[in-house]
Every structure is written in C-alpha cells, then in structure tokens.
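Keep in mind that this is a model prediction, so the values were computed, not measured.
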Amino acid sequence: MSSVESGRSRRSVLAVPGSSAKMIEKAKGLGADEIFLDLEDAVAPIAKAEARGRVVEALNSGGWGSQIKVVRVNDWTTPWTHGDVIDVVSGAGANLDAILLPKVETASHVHALDLLLTQVEKVAGLPVGAIGIEPQIESARSLRNIDEIATASPRVQTLVFGPADLMASVNMRTLVVGEQPQGYDTGDAYHHILMTILLAARTHGLQAIDGPYLQIRDLDAFRRAAGRTAGLGFDGKWVLHPTQIDAANEIFSPRQVDFDKAEQILEAYEFHTSAAGGGRGAVMLGDEMIDEASRKMALVVSAKGRAAGMARSDDANRTSGAQ
C-alpha cells in the first residue's frame with residue numbers, strides 16, 4: 001500500500017540528531033507527525049558508531065506517541081551505510097517505520113537498500129518489507145532519475161526534497177536555503193524542482209515532502225516557504241525546531257471551512273448519483289454545480305483532513321444538502 005493510500009500524515013517531519021539522548025527524549029512528546037533520528041549530517045564521523053547504539057536504545061524505549069519513526073542513515077558513498085542499517089534494523093527494526101536514504105542518485109541506491117533490509121529482516125525475524133524507504137532527492141542527477149528512483153522498490157513511501165545539496169549541485173547562487181537566489185527576481189527559482197518531485201510522487205502514489213527552512217528563528221519566513229509548497233500540493237515539510245511544528249501542522253492541513261465543504265460535496269454527490277437520489281451526474285450544492293471532477297478534488301481535501309485527525313464541524317452538518 002502506498003503512503004498516500006495508507007492515510008498516515010506527514011505534515012511535520014522533525015529532524016533529531018541521533019547522537020543527542022536529550023533531544024531524542026524531548027522529541028517523543030512533541031506533536032510532529034514524523035520524527036527521524038539522524039545518523040548523517042547531524043552526527044560527526046567519530047560519533048557515528050556510538051550514535052547507532054543510542055538510536056537503537058531510543059527506538060526500543062517507551063514514551064513514543066503515534067509518530068512515524070524513521071532513521072536517516074548515511075549515504076552509499078560513505079563507509080557507514082551498511083553498518084547503520086544492520087545495527088539499527090537488527091536492534092530496533094520492530095519499532096522502526098522507515099529508513100531515510102540521503103543523496104539518492106539512481107534506482108540502484110534504492111535497490112541496494114531494499115536488498116540489505118530484506119536480509120536483515122530475515123535474520124532478525126522481522127516481517128519482510130515492513131520497513132519503508134524514503135529517498136532524498138538532492139542533486140541534478142537524482143532529479144533526472146526521479147521516476148526510476150520512485151519505482152525502484154515497493155518499500156518507497158515518500159520522495160523528499162533535499163534543498164541545500166540540490167542547490168549546490170546546480171550552482172545556485174545563494175547561501176540561504178529556501179530563499180530566492182540573488183538576481184532571480186521573477187517567479188520561484190525552486191518551482192521546477194518542486195513540481196518535478198511532486199509530479200513523480202503523485203504519478204507513483206507516494207507522498208511528497210519538502211525539505212527544511214534553516215532560519216529557524218524566522219517563523220514568518222518558514223510559514224511563507226511552507227505555504228508555497230503546501231499550495232502546490234506537497235504533503236509536509238521538515239522542521240528543525242519545535243517552534244516550527246505547529247506551523248507546519250496547520251499549513252499542511254486543510255482549513256476547516258475547506259474540509260467541511262469537501263465533506264459536503266462528497267455526501268451530496270454520493271446521494272444524487274445513486275438511484276435513490278435520481279441518478280444525476282451533476283447537482284447544485286448551494287450556488288455551485290458539482291460533478292465527478294468536483295468529487296475528485298474533494299477527495300483530496302477530505303483525505304488530508306482525515307489523516308490529520310480533522311472532523312466535520314457542527315455548522316457543516318447542519319447546512320449540508322444539495323438540490
């Protein structure tokens with residue numbers, strides 16, 4: 001089952017250094033939809049082996065809520081990837097939802113992780129295929145190979161934008177991740193990248209996750225950046241600090257009024273296309289005509305709202321109806 005079909009929300013994806021027991025413990029009580037414990041960029045080379053043990057201990061300890069629990073391993077160009085996967089999955093695979101694989105360049109990177117996960121799952125007595133893969137798209141090459149990456153394994157659940165590395169890959173002239181490069185004063189310099197990731201995700205039934213906004217003290221700027229990708233249709237965004245979590249959860253959830261309207265459209269369309277409702281293909285809902293296209297649009301909003309735990313308001317229940 002794809003991640004979109006499974007209904008698990010990833011509005012906010014909190015990055016937590018795998019080397020910090022204090023930050024991991026604090027993260028357990030936060031309201032992020034997903035938490036990934038990082039063994040890559042957030043951990044110094046000399047601390048990586050120790051961090052693996054800390055991550056295993058944290059995953060097996062209590063205090064977790066309903067968060068999706070993920071570990072970001074090191075990429076395949078390093079000497080640590082296989083050790084990360086073997087230690088974490090054999091030690092805590094039963095409490096792990098997915099592996100976040102950075103710097104994925106080709107489908108072969110996903111194939112290799114899939115094969116290794118299968119071997120470790122078998123040895124550890126875990127259900128084969130239960131642990132998902134989240135490929136991180138971080139270079140021009142990975143963007144060109146995105147469809148092959150998205151379909152490289154049935155384990156793939158999301159496509160994740162890694163903005164800093166991708167910006168460096170194309171020589172973008174800026175040092176501020178998420179902001180427009182100097183001299184680019186028309187449109188959005190990231191639009192093609194974001195839409196490529198989004199279209200690939202939707203084509204293959206995956207979730208699309210935006211990367212981080214690094215200026216963590218500027219919450220207004222974070223909201224602007226998140227609002228752009230949410231508007232395109234992305235499912236969520238990385239957060240680097242607890243102050244960004246509520247904003248991400250709000251921005252990547254439908255507005256209550258939109259959720260209510262989507263539910264009304266679905267209810268009205270289901271009734272009026274049935275025999276009891278006259279078998280009509282188009283119907284008026286208030287001052288608006290709704291049809292099959294309206295139903296498809298409403299399904300998107302309704303599914304995102306339900307995944308986020310939203311419920312229809314009393315006002316919507318009282319005013320529902322079509323002509």
Side-chain angles (χ1 to χ4, degrees), residues 10 12-30 32-65 67-105 109-110 112-121 123-124 126 130-138 155 157-158 160-165 177 209 211-212 214 216 237-242 244-245:
R10 284 180 168 90
S12 52
V13 178
L14 178 63
V16 182
S19 56
S20 174
K22 180 180 178 181
M23 295 181 73
I24 293 172
E25 192 62 30
K26 181 178 180 180
K28 292 179 180 181
L30 298 176
D33 289 338
E34 174 177 311
I35 293 175
F36 76 85
L37 307 181
D38 193 13
L39 294 175
E40 196 212 16
D41 288 347
V43 179
I46 61 172
K48 289 189 185 290
E50 181 182 354
R52 289 177 192 155
R54 185 164 286 117
V55 164
V56 169
E57 181 181 358
L59 289 170
N60 290 334
S61 65
W64 294 99
Q67 306 102 327
I68 300 171
K69 297 185 287 295
V70 176
V71 172
R72 180 165 72 164
V73 298
N74 289 276
D75 76 89
W76 282 118
T77 66
T78 75
W80 302 299
T81 318
H82 71 291
D84 291 343
V85 175
I86 292 169
D87 288 0
V88 169
V89 176
S90 62
N95 299 310
L96 179 67
D97 292 300
I99 294 290
L100 174 59
L101 183 63
K103 299 176 177 63
V104 175
E105 296 276 292
H109 290 178
V110 178
L113 179 56
D114 188 337
L115 289 170
L116 182 54
L117 280 171
T118 297
Q119 291 181 341
V120 180
E121 286 168 338
V123 171
L126 298 168
I131 296 172
I133 295 175
E134 299 187 1
Q136 200 168 358
I137 307 301
E138 301 190 78
R155 294 180 187 266
Q157 297 178 350
T158 71
V160 182
F161 177 32
D165 282 280
V177 174
I209 306 300
L214 272 58
I216 60 175
K237 184 174 179 63
W238 278 15
V239 293
L240 302 181
H241 191 272
Q244 297 177 333
I245 294 174

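Summarising the geometry, atom CD belonging to Glu34 is positioned 9.0 Å from atom OG belonging to Ser12; distances are rounded to the nearest 0.5 Å.
Residues Leu113 and Val104 fail the side-chain proximity criterion, which asks for heavy atoms closer than 4.5 Å. Between Arg52 and Trp80, the closest side-chain pair of non-hydrogen atoms falls below 4.5 Å. Val71 has its side chain out of reach of Val89: every pair of non-hydrogen atoms, C-beta onward, lies at least 4.5 Å apart. Taking 4.5 Å as the limit, some side-chain heavy atom of Ile209 sits within range of a side-chain heavy atom of Trp238.
Here the shortest heavy-atom pairing between Gly18 and Val43 reads N-CG2, 4.1 Å. When all heavy atoms of Gln157 and Gly132 are compared, the closest pair comes out as NE2-CA, 3.5 Å.
Take Asn60 and apply the side-chain hydrogen bond (donor to acceptor under 3.5 Å, both in side chains) test, not counting sequence neighbours, and it matches Asn95. Scanning for side-chain hydrogen bond (donor to acceptor under 3.5 Å, both in side chains) contacts around Lys69 gives an empty result, with sequence neighbours left out. Partners of Glu134 under the salt bridge (charged side-chain N to carboxylate O under 4.0 Å, His left out) rule, at least two apart in sequence or in another chain, are Arg10. Every residue meeting the salt bridge (charged side-chain N to carboxylate O under 4.0 Å, His left out) condition with Asp114, not counting sequence neighbours, appears here in chain and number order: Arg155. Considering only residues two or more places apart in sequence or on other chains, Lys28 meets the salt bridge (charged side-chain N to carboxylate O under 4.0 Å, His left out) condition with Glu25. In this structure, Ser90 has no side-chain hydrogen bond (donor to acceptor under 3.5 Å, both in side chains) partners at least two apart in sequence or on a different chain.
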TODO: Please step through side-chain contact (heavy atoms from CB on, under 4.5 Å) for the pair Leu37 and Val88, ending with a clear verdict.
DONE: CA-CA 11 Å; Leu37 307 181; Val88 169; over 6 Å; no

- [ ] May I have the step-by-step check of side-chain contact (heavy atoms from CB on, under 4.5 Å) for Ile86 and Leu116, ending in yes or no?
- [x] CA-CA 8 Å; Ile86 292 169; Leu116 182 54; 4.2 Å; yes

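Partner of Gln136 under the side-chain hydrogen bond (donor to acceptor under 3.5 Å, both in side chains) criterion, chosen from Arg72, Glu40, Lys103: Arg72.
Proximity of a side-chain donor or acceptor of Asp38 to a complementary backbone N or O of Ala42 within less than 3.5 Å is detected. For Arg54 (side chain) and Ser19 (main-chain N/O), a donor-acceptor pair under 3.5 Å exists by modelled atom type.
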